[in-house]
Participant: 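Okay, handing you the structure first.
Just the heavy atoms: all of them, side chains too, but no hydrogens, waters or symmetry mates, feed the values below.
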Amino acid sequence: MPYVIASPCIDIMDKSCMEECPVDCIYEGDRKLYINPKECIDCGACEPVCPVQAISQDRRVSDTDAAFVEDNRIFFTTVLPGRDEPVGAPGGAQKTGPIGVDTPLVANR
């Protein structure tokens, strides 16, 4: 998983990163954005435009936000509340629109 969005994004969702992403791999939950690890090309275009510095490479996530590395993967591989199947890798966030639900880690914060 090249890039991860961590806790500073919760309830902020500026979406500048979505506009900058050349492969449309940033998906919208209810309270936070998530980077699809299967679609991300590791270009880093999203990181400098995030106004709350929520985005970093998975190996550079702070210790306090380490759980977000796995949580970001879970968003795409687990059946989220109110959904019938995992988000998976649909080939871009514009194809799905807002997912509208978060992982338990984010929903319970």
Participant: Is the shortest distance from a Lys or Arg side-chain nitrogen in R60 or E47 to a carboxylate oxygen in the other one below 4.0 Å?
Facilitator: yes

Participant: Minimum heavy-atom separation for K38 and A89, please, with both atom names.
Facilitator: CB-CB, 4.1 Å

Participant: How about S16 and C50: do any of their side-chain heavy atoms sit closer than 4.5 Å?
Facilitator: no

Participant: Side chains of D11 and K32: closer than 4.5 Å at any heavy-atom pair?
Facilitator: no

Participant: Which pairs with one or both residues in residues 81-109 pass ring-ring contact (aromatic ring centres under 6.0 Å, His included), sequence neighbours excluded?
Facilitator: none

Participant: Tell me, do I12 and C9 make a side-chain contact under 4.5 Å, heavy atoms counted?
Facilitator: no

Participant: Where is the tightest heavy-atom contact between I26 and C17, given as atom of each residue plus distance?
Facilitator: CD1-O, 3.6 Å

Participant: Is the side chain of D71 donor-acceptor paired with the backbone N or O of A67 at a distance under 3.5 Å, no angle test?
Facilitator: no

Participant: Can you check side chain to side chain contact (heavy atoms under 4.5 Å, CB included) on S56 and Y3, steps first, answer last?
Facilitator: CA-CA 5 Å; S56 63; Y3 282 83; 5.7 Å; no

Participant: Between N72 and P37, is there a side-chain heavy-atom distance shorter than 4.5 Å?
Facilitator: yes

Participant: Are L105 and V52 linked, directly or through other ILVMFWY residues, by side chains that come within less than 4.5 angstrom of each other?
Facilitator: no

Participant: Could you state the interatomic distance from CG (D42) to CG (D58), rounded to the nearest 0.5 Å?
Facilitator: 8.5 Å

Participant: Under 4.5 Å between any side-chain heavy atoms of L80 and T103, yes or no?
Facilitator: yes

Participant: Go through the structure and list residues passing side chain to side chain contact (heavy atoms under 4.5 Å, CB included) with A66, not counting sequence neighbours.
Facilitator: none

Participant: Which pairs with one or both residues in residues 82-109 pass ring-ring contact (aromatic ring centres under 6.0 Å, His included), sequence neighbours excluded?
Facilitator: none

Participant: Going by ring-ring contact (aromatic ring centres under 6.0 Å, His included), name the pairs with one or both residues in residues 87-109, residues two or more places apart or in two chains.
Facilitator: none

Participant: Mind checking whether C46 and I35 have side chains closer than 4.5 Å, heavy atoms only?
Facilitator: yes

Participant: For P81 versus V101, what's the shortest heavy-atom pair and its separation?
Facilitator: O-CG2, 3.5 Å

Participant: Using a strict threshold of under 4.0 Å (side-chain N to carboxylate O), is an ion pair present between D102 and R31?
Facilitator: no

Participant: Sequence neighbours left out, what pairs pass ring-ring contact (aromatic ring centres under 6.0 Å, His included) with at least one residue falling in residues 4-47?
Facilitator: Y27-F76, Y34-F75

Participant: What side-chain hydrogen bond (donor to acceptor under 3.5 Å, both in side chains) pairs are there with at least one residue in residues 77-86, not counting sequence neighbours?
Facilitator: R73-T77

Participant: Grouping I, L, V, M, F, W and Y whenever their side-chain heavy atoms are under 4.5 Å apart, do L33 and V49 come out in a common cluster?
Facilitator: no

Participant: How close do N36 and G88 get, heavy atom to heavy atom, and via which atoms?
Facilitator: ND2-O, 2.8 Å

Participant: Could you report the tightest heavy-atom contact between E39 and C25, atom names first, then the distance?
Facilitator: CB-CB, 3.6 Å

Participant: Do R109 and S7 have side-chain heavy atoms sitting under 4.5 Å apart?
Facilitator: yes

Participant: Would you give the length of the straight line joining atom SG of C43 to atom CD of E20, rounded to the nearest 0.5 angstrom?
Facilitator: 8.5 Å

